[in-house]
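Note on naming: letters A, B, ... go to the chains in the order of the sequence lines (proteins, then strands), and numbering restarts at 1 for each one. Since this is a predicted model, take the numbers as computed values, not measurements. What you see below is based on every heavy atom in this structure, not just the backbone, and it leaves out hydrogens, waters and symmetry mates.
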There are 4 protein chains.
Amino acid sequence: MLDSFNEECAVFGIFNHPEAANMTYLGLYALQHRGQESAGIVASDGEELHLEVAMGLVADIFNADKLSLLPGRIAIGHTRYSTYGTSQLKNAQPIAIDYAHGSLALSHNGNLVNAEKLRRELEAGGSIFRSTMDSEVIVHLIARSERELLVDRIVEAVEQVRGAYSLAIMSPSELIAVRDPYGFRPLCLGKLRDAYVLASETCALDLIEAEYGRDVEPGEVLVINEDGLTSHFPFPGVQHAQCIFEFVYFSRPDSMIFNRSVHEVRKALGQRLAKEAYVGVDVVVPVPDSGVPAALGYAEESGTPFDLALIRNHYVGRTFIEPQQSIRHFGVKVKLNPIKRLLEGRRVVLIDDSIVRGTTSRKIVTMVRQAGAKEVHMRVSSPPITHPCFYGIDTPTREELIGSSHSVEETRKYITADSLEYLSLDGLLSTVHPDQNSYCRACFTGDYPVEFPLKERPQVELFEEAPQ
Amino acid sequence: MLDSFNEECAVFGIFNHPEAANMTYLGLYALQHRGQESAGIVASDGEELHLEVAMGLVADIFNADKLSLLPGRIAIGHTRYSTYGTSQLKNAQPIAIDYAHGSLALSHNGNLVNAEKLRRELEAGGSIFRSTMDSEVIVHLIARSERELLVDRIVEAVEQVRGAYSLAIMSPSELIAVRDPYGFRPLCLGKLRDAYVLASETCALDLIEAEYGRDVEPGEVLVINEDGLTSHFPFPGVQHAQCIFEFVYFSRPDSMIFNRSVHEVRKALGQRLAKEAYVGVDVVVPVPDSGVPAALGYAEESGTPFDLALIRNHYVGRTFIEPQQSIRHFGVKVKLNPIKRLLEGRRVVLIDDSIVRGTTSRKIVTMVRQAGAKEVHMRVSSPPITHPCFYGIDTPTREELIGSSHSVEETRKYITADSLEYLSLDGLLSTVHPDQNSYCRACFTGDYPVEFPLKERPQVELFEEAPQ
Amino acid sequence: MLDSFNEECAVFGIFNHPEAANMTYLGLYALQHRGQESAGIVASDGEELHLEVAMGLVADIFNADKLSLLPGRIAIGHTRYSTYGTSQLKNAQPIAIDYAHGSLALSHNGNLVNAEKLRRELEAGGSIFRSTMDSEVIVHLIARSERELLVDRIVEAVEQVRGAYSLAIMSPSELIAVRDPYGFRPLCLGKLRDAYVLASETCALDLIEAEYGRDVEPGEVLVINEDGLTSHFPFPGVQHAQCIFEFVYFSRPDSMIFNRSVHEVRKALGQRLAKEAYVGVDVVVPVPDSGVPAALGYAEESGTPFDLALIRNHYVGRTFIEPQQSIRHFGVKVKLNPIKRLLEGRRVVLIDDSIVRGTTSRKIVTMVRQAGAKEVHMRVSSPPITHPCFYGIDTPTREELIGSSHSVEETRKYITADSLEYLSLDGLLSTVHPDQNSYCRACFTGDYPVEFPLKERPQVELFEEAPQ
Amino acid sequence: MLDSFNEECAVFGIFNHPEAANMTYLGLYALQHRGQESAGIVASDGEELHLEVAMGLVADIFNADKLSLLPGRIAIGHTRYSTYGTSQLKNAQPIAIDYAHGSLALSHNGNLVNAEKLRRELEAGGSIFRSTMDSEVIVHLIARSERELLVDRIVEAVEQVRGAYSLAIMSPSELIAVRDPYGFRPLCLGKLRDAYVLASETCALDLIEAEYGRDVEPGEVLVINEDGLTSHFPFPGVQHAQCIFEFVYFSRPDSMIFNRSVHEVRKALGQRLAKEAYVGVDVVVPVPDSGVPAALGYAEESGTPFDLALIRNHYVGRTFIEPQQSIRHFGVKVKLNPIKRLLEGRRVVLIDDSIVRGTTSRKIVTMVRQAGAKEVHMRVSSPPITHPCFYGIDTPTREELIGSSHSVEETRKYITADSLEYLSLDGLLSTVHPDQNSYCRACFTGDYPVEFPLKERPQVELFEEAPQ
């Protein structure tokens with residue numbers, strides 16, 4: 001999949017660092033791939049919270065002036081995925097509020113399935129909402145709690161929500177991490193000298209040279225304050241359901257997620273794919289960037305030469321405006337260019353991590369064939385996506401998922417490949433972890449670990465096609 | 001007073017106009033003098049509310065693109081006074097929320113004296129606050145009300161607040177005006193073909209060519225919807241207390257306020273001033289721009305020649321950055337320049353509308369004397385300001401008001417004038433209205449119509465000196 | 001005339017000041033009324049020239065960062081009038097170049113009548129042009145000169161050009177002022193402690209607290225360097241032809257121009273106008289801002305009450321975008337608003353400084369009548385403009401000048417006034433100066449002091465109507 | 001080498017396309033890697049040239065509004081490398097001028113060695129310069145020519161300059177390509193339906209779907225106008241000297257340069273490197289992005305596993321501001337992150353395309369070792385750089401080139417690698433082309449094909465270190 005703008009969110013937090021906001025800025029910078037719509041930082045000067053949030057990329061939003069408005073030793077941050085069209089500043093995070101017990105800020109990665117119902121109840125009790133984010137529900141529930149301690153108020157709040165949530169919450173004096181009992185989304189804990197650090201992925205720890213400690217556990221509520229760390233497990237035990245798609249596509253390859261190296265897993269998926277779906281060709285070509293590790297594994301396992309025959313233009317950015325409707329078809333060309341000499345007259349297998357709508361795959365197959373390839377085969381290092389995600393990833397509706405509406409052979413015809421094979425579900429699961437049951441695979445099976453409202457909610461069309 | 005950036009707020013609303021947001025934009029543009037910090041518009045497309053708000057001037061914030069995001073036939077707007085230093089986007093208005101009964105937006109001009117207490121109570125009940133504005137309290141109170149009709153919820157809310165409030169409130173289908181029972185701040189109603197218009201001052205009606213109808217009455221709750229106008233007077237009758245300072249300084253001279261022409265009142269104040277405090281001089285010179293009408297009146301009444309011997313640079317803007325600390329003393333010079341030929345060797349009386357801290361007056365007197373004036377007398381078309389305002393105007397603390405801490409003679413010495421006289425309170429009140437009792441004159445007397453918390457809250461320093 | 005965006009240019013220069021660029025910034029700020037399209041500053045660090053130039057207002061272009069790029073003790077600056085449509089950065093001044101004798105920068109106020117011919121000759125000799133400015137011709141002529149001294153090269157250059165030019169020229173170590181032998185455009189010399197200052201108008205000296213010394217004389221070439229001032233008069237004597245329109249409209253009222261106070265002259269013109277064209281009315285109302293002094297004089301002389309019944313919105317700026325074509329007619333309303341109470345039922349005489357196309361006057365007369373005036377008379381403190389200017393002021397073509405194509409009575413009908421009278425040419429000239437011959441009055445008579453190419457060049461339409 | 005901001009320039013031109021400026025925009029976008037400081041486009045509407053140029057990235061500078069100011073069927077464009085500090089807008093290209101024969105615009109990639117001498121001569125003849133670019137000399141020489149035809153004037157001009165130049169020149173009706181007789185810098189010709197296209201690299205043709213035709217030959221002057229193509233070879237034959245560093249580092253891998261695929265050459269260099277400098281390790285790791293093809297070749301030839309163990313953050317941009325001096329050491333970390341699991345306990349060979357100062361290599365070796373590598377070897381797919389370039393690439397002075405001042409063993413110690421080997425010059429040359437003599441290899445040998453002034457001119461420090 002041509003990874004671009006269609007991702008979810010990232011959270012970051014740091015406690016007891018003299019440059020808390022600066023570190024958060026760097027951490028968000030490393031997590032930019034998880035969301036490019038907006039970014040924000042809240043810092044505590046010990047008494048008050050200061051918020052800076054804006055639409056755009058981390059490096060464009062924050063400069064020395066902005067960061068100087070964020071003093072103090074505790075901070076949290078957030079980046080949010082990109083939507084298109086109207087301004088959505090009101091939906092940017094962190095959310096910062098005042099309530100009966102003082103000030104509070106929250107960053108959320110994930111998606112709640114009972115947010116609408118809770119929102120209606122809260123509104124019936126007189127609460128007002130300033131955004132359309134499900135995350136705002138959590139803040140209200142915390143504010144409604146009559147418990148004395150912040151951690152207890154948080155627990156009381158999250159006990160009422162269902163779905164996926166990895167949270168970084170701060171008061172003027174505490175930093176609290178929460179991960180839902182299923183552990184849908186990642187969240188890790190690190191140490192930087194005297195400071196504790198929370199991050200969606202370990203690559204954020206690496207950049208600020210923090211040491212990885214451990215993952216925040218599914219169901220864990222972790223309080224970080226002057227007294228150190230205190231861990232709570234207030235939820236009844238449930239079968240974990242960590243998002244397997246983080247391995248397939250979302251996370252950065254240099255991150256450790258759910259205790260495994262993303263790059264290693266992806267490469268192993270490619271190796272398994274070569275075993276399951278070998279095709280005799282002259283060259284293995286990845287769809288960059290996310291297809292590269294699987295292609296390396298595929299090439300290695302199959303003994304086929306590997307080459308980077310599709311070159312990505314990394315200056316593609318949010319700001320690229322195609323000059324006219326008439327030349328709208330540039331699409332994928334603006335991002336990818338084939339190296340003809342590597343493709344001419346050759347049999348090619350393209351390795352991608354996943355196929356969503358199929359339209360991009362179709363364009364890439366066409367591009368490779370026009371560059372002179374004799375045969376163009378497609379191998380995908382995950383099974384067909386047949387069901388939308390309700391736990392934090394923006395997917396098209398079921399009708400738009402080509403894996404839902406089309407058979408593999410129909411998909412092959414649509415994308416105009418000479419052959420098409422997907423990795424098996426068993427291949428995916430057993431490669432990721434011996435304990436297959438601890439992963440959510442709902443997008444491939446429809447087995448949703450947490451029920452959601454019957455009527456499938458309308459999905460924003462953010463997957464795959466929008467950015468082109 | 002060198003009028004610049006230290007004002008309060010403006011509200012605007014329009015119902016049933018095909019270009020509601022465009023008209024609101026123009027209306028705010030006409031009301032820009034009441035607040036230059038931020039501006040915002042909310043428009044209803046019949047179902048949803050759309051909000052655009054930003055820091056800065058109306059004409060800089062809104063362009064065709066932004067206005068196109070604000071469709072529909074109902075809109076409200078707001079401009080806010082300028083503060084300095086940290087970003088205050090969270091405090092910009094209108095406030096737009098979702099709550100149990102749908103969507104709501106509110107613009108507020110004024111200041112509540114019991115906001116903190118109400119806020120604590122609301123927070124105790126689980127409400128969360130996103131800003132430090134007293135106005136947010138009103139929104140919460142509306143959301144907490146269990147009444148069925150919006151107008152009833154609004155009434156229930158404002159019955160709990162005390163202080164100054166002129167409000168424009170909108171739902172997706174209604175526009176509601178509210179003016180507190182004292183009528184502190186102005187609010188007028190106009191008609192533009194089939195549309196109803198609300199505005200802080202009539203100059204906004206003039207620009208969009210709406211016809212002035214009447215003032216929203218003190219204590220009136222006016223509902224505008226498809227059925228037309230419905231007027232409610234839910235409050236017990238109290239002695240009106242309209243802000244007399246609107247005449248002295250705030251309002252635009254081309255506005256009608258509280259049923260009187262601002263320019264006419266100011267000119268009459270100047271005439272009265274000439275009767276009370278005549279001084280024989282060669283020329284009457286106004287401190288521009290707000291001192292001009294009083295100076296015209298003074299000159300006319302006293303039979304002294306009038307001249308514009310102080311010229312104002314109208315390119316002075318928020319963005320003017322003085323190049324270096326070392327030349328910080330340019331101050332008033334950047335705004336005003338004397339015409340030496342009109343001042344050399346002459347006896348001059350300067351007419352200003354008010355003196356706040358005295359520092360600007362001191363600079364102007366010095367400037368006029370350096371330009372060659374033989375005598376420099378100062379006459380002020382209102383009494384000494386001795387008490388801060390708690391009803392919507394940002395004034396310095398009592399200690400900083402030179403009229404509070406210094407006698408008239410001490411003030412004269414401080415500003416280095418040859419003589420100094422103020423208009424008497426009776427002169428001010430009887431000139432403005434035969435029914436003197438219907439005006440708030442607390443800033444001149446300390447007789448506050450609505451009690452406020454004992455401990456005088458710290459005031460932001462916005463008056464007079466900050467912009468220079 | 002509703003003064004806005006249709007002016008000419010300003011030049012500024014300073015020698016031997018430790019904050020030369022800062023002072024130039026302030027000076028340009030004071031001269032902003034002479035041109036709002038672009039602004040630029042060149043500073044010398046003693047060896048190299050540094051240039052910062054951009055489209056826009058002085059206060060928007062320059063901030064601490066930009067000014068810090070302009071070190072040194074010598075600087076010149078320029079502001080340019082506004083054009084519309086395409087970017088014209090290439091036409092912004094100062095012009096900075098390298099040539100055989102090092103570096104040079106030039107600011108020009110005025111217009112050359114033989115620039116095209118000279119340009120063709122220079123191009124024939126191999127010169128290349130980067131702009132469409134006539135000023136660039138002067139720079140090339142200086143570069144072509146084989147004289148040893150800069151002053152001699154400049155003299156050789158300006159001896160070849162004909163027309164209007166007030167110049168500030170700098171090398172890394174000298175500042176040179178030049179004023180054409182006719183003295184069309186103003187240029188004055190001041191002193192600020194050890195620094196010498198050049199400025200188009202004295203108001204720029206006032207802001208930086210420099211002392212006015214004298215005007216640079218018509219035909220004078222004034223060299224300022226480490227050795228002090230050296231004055232040259234290389235041109236044969238000609239009858240001076242200083243622009244009388246600087247008094248009528250262009251200059252700031254607080255400036256001294258051609259040794260006279262602008263405000264004083266304007267007021268005297270109003271007095272003379274009252275003698276020549278008295279009309280019995282209830283109130284004298286100026287068209288702000290440039291009509292105010294004449295109205296004061298008119299009122300004083302005629303004994304008629306004066307009032308500011310037209311209020312100008314000073315937030316009108318370049319950035320004001322009218323929201324839609326459909327409401328384009330807001331035009332003058334965005335800038336001016338009548339105070340109805342001062343006009344209703346009254347006989348009014350409007351005083352304006354000039355009428356160009358007549359369209360704005362027509363709108364204002366209509367506006368005043370709609371506000372309730374019983375009679376609306378117009379008196380103009382200068383004669384009808386019948387001919388375009390070729391010496392530095394952008395005027396419409398002769399056909400568009402209502403004073404050229406219409407009789408006074410026809411004009412009166414067009415602007416819908418009850419009566420219309422202009423000041424006589426003799427009234428204008430004798431008021432401005434006893435030696436009437438030293439002023440250019442070509443726009444009123446067609447007697448052009450310097451010949452220009454027969455075919456009247458097409459004029460950019462910048463006068464009067466464009467900004468509305 | 002961590003390719004970032006330190007490159008040279010790109011030129012682009014198109015003739016007879018209805019969206020000439022749009023195509024130029026896309027072409028520059030594809031060539032963005034050759035220069036990020038500024039970008040510009042000149043378009044001809046058949047009569048006049050229109051210029052838009054600004055500092056920054058192509059996609060940030062140009063939007064629909066800007067492009068709409070560039071009408072017509074002929075256009076040229078330019079991107080320029082990045083410098084730091086002061087504004088250099090005056091040095092942005094294309095250069096657009098008016099001269100005796102009308103209008104002209106020019107884009108230049110390369111560097112002239114006799115520009116200073118020519119400039120002095122031109123200035124002595126009265127020419128003025130607006131920039132410090134050597135390219136401006138060419139424009140003056142064209143303007144000085146008395147030949148009738150544009151092509152002849154161009155030939156007369158370039159016959160006088162010496163050094164490296166690939167030019168795209170346009171008049172309102174012609175597009176002319178020029179490549180110096182040595183052919184230092186690339187320039188290719190393509191066809192897009194009825195339009196002819198010029199570009200520095202073929203990747204620009206690919207994006208707009210133009211067909212590659214051929215390279216503009218060394219010494220060719222190619223005129224494109226309504227009559228089609230006309231080719232001139234006005235120069236005496238010289239030994240070609242095409243820049244071999246285009247293959248090593250500069251060009252995009254998906255481009256064809258000098259008739260060879262860049263990616264293919266780089267891979268072959270890696271294969272040759274494996275033959276010349278094999279080291280037994282567990283994994284071959286490229287320094288991304290430019291080291292990737294050589295690493296693939298090295299791994300393939302040596303039979304060693306390849307892996308992407310250094311991940312590059314592609315959100316790194318010009319705008320990234322490190323928050324504080326104290327954390328300045330983040331440097332390379334902001335761009336690269338190692339995947340520890342691929343490095344821990346392993347013997348690693350890093351493959352880079354070149355080493356300039358050595359400081360970045362030192363940081364990367366350290367980073368890999370800290371990630372747990374047991375051994376860290378470095379292999380470089382080109383010889384040590386010992387001499388600066390004078391033909392269009394910004395290199396440090398000779399003293400700063402570690403290959404000049406240090407032996408290979410000293411360099412190894414400095415970068416802290418366990419072993420270090422470079423590709424031999426013969427290995428480089430024979431891999432690139434059987435005819436070794438047609439390539440410039442001065443940076444590796446000091447054998448400069450075109451003499452340059454004895455005193456080595458001071459070099460801007462742009463290579464390698466600056467962007468970190």
Inset, instruction - Give the minimum heavy-atom separation between A:Ile311 and D:Pro253, together with the two atoms involved. - result: CD1-CG, 3.6 Å

Inset, instruction - Mind listing the closest non-hydrogen atom pair of D:Ala30 and A:Asn313 along with its distance? - result: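 Scanning both residues completely, I find the closest heavy atoms to be CA-ND2, 4.4 Å.
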
Starting at [atom1] of [X], measure out to [atom2] of [Y] and round the result to the nearest 0.5 Å.
{"X": "A:Leu336", "Y": "D:Asp254", "atom1": "CG", "atom2": "CG", "result": "10.0 Å"}
{"X": "D:Asp289", "Y": "A:Arg312", "atom1": "CG", "atom2": "CZ", "result": "11.0 Å"}
{"X": "D:Asn337", "Y": "A:Arg252", "atom1": "CG", "atom2": "CZ", "result": "5.5 Å"}
{"X": "D:Glu300", "Y": "A:Asp307", "atom1": "CD", "atom2": "CG", "result": "7.0 Å"}

Legend entry - Pairing residues for A:Glu264 by the side chain to side chain contact (heavy atoms under 4.5 Å, CB included) criterion, not counting sequence neighbours: A:Arg260, A:Ser261, D:Arg341, D:Leu342

Legend entry - Pairing residues for D:Leu308 by the side chain to side chain contact (heavy atoms under 4.5 Å, CB included) criterion, not counting sequence neighbours: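 D:Leu308 satisfies side chain to side chain contact (heavy atoms under 4.5 Å, CB included) with A:His263, A:Val292, A:Leu296, D:Pro286, D:Val292, D:Phe306 once adjacent residues are dropped.
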
Inset, instruction - Tell me, yes or no, whether the heavy-atom count around A:Glu344 atom CD, taken from other residues, nucleotides or ligands under 6.0 Å, exceeds 12. - result: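 Yes, the 6.0 Å shell around CD holds more than 12 heavy atoms from other groups.
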
Legend entry - Atom CZ of D:Arg193: over 12 foreign heavy atoms under 6.0 Å: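 No - once you tally the heavy atoms of other residues, nucleotides and ligands closer than 6.0 Å, there are 12 at most.
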
Legend entry - Part of D:Pro293 within contact of chain A (heavy atom distance under 4.5 Å):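 Looking at D:Pro293, nothing touches chain A.
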
Inset, instruction - For each of D:Met256, D:Gln370, D:Lys267, tally heavy-atom pairs with chain A at distances under 4.5 Å, and name the one with the top tally. - result: D:Lys267

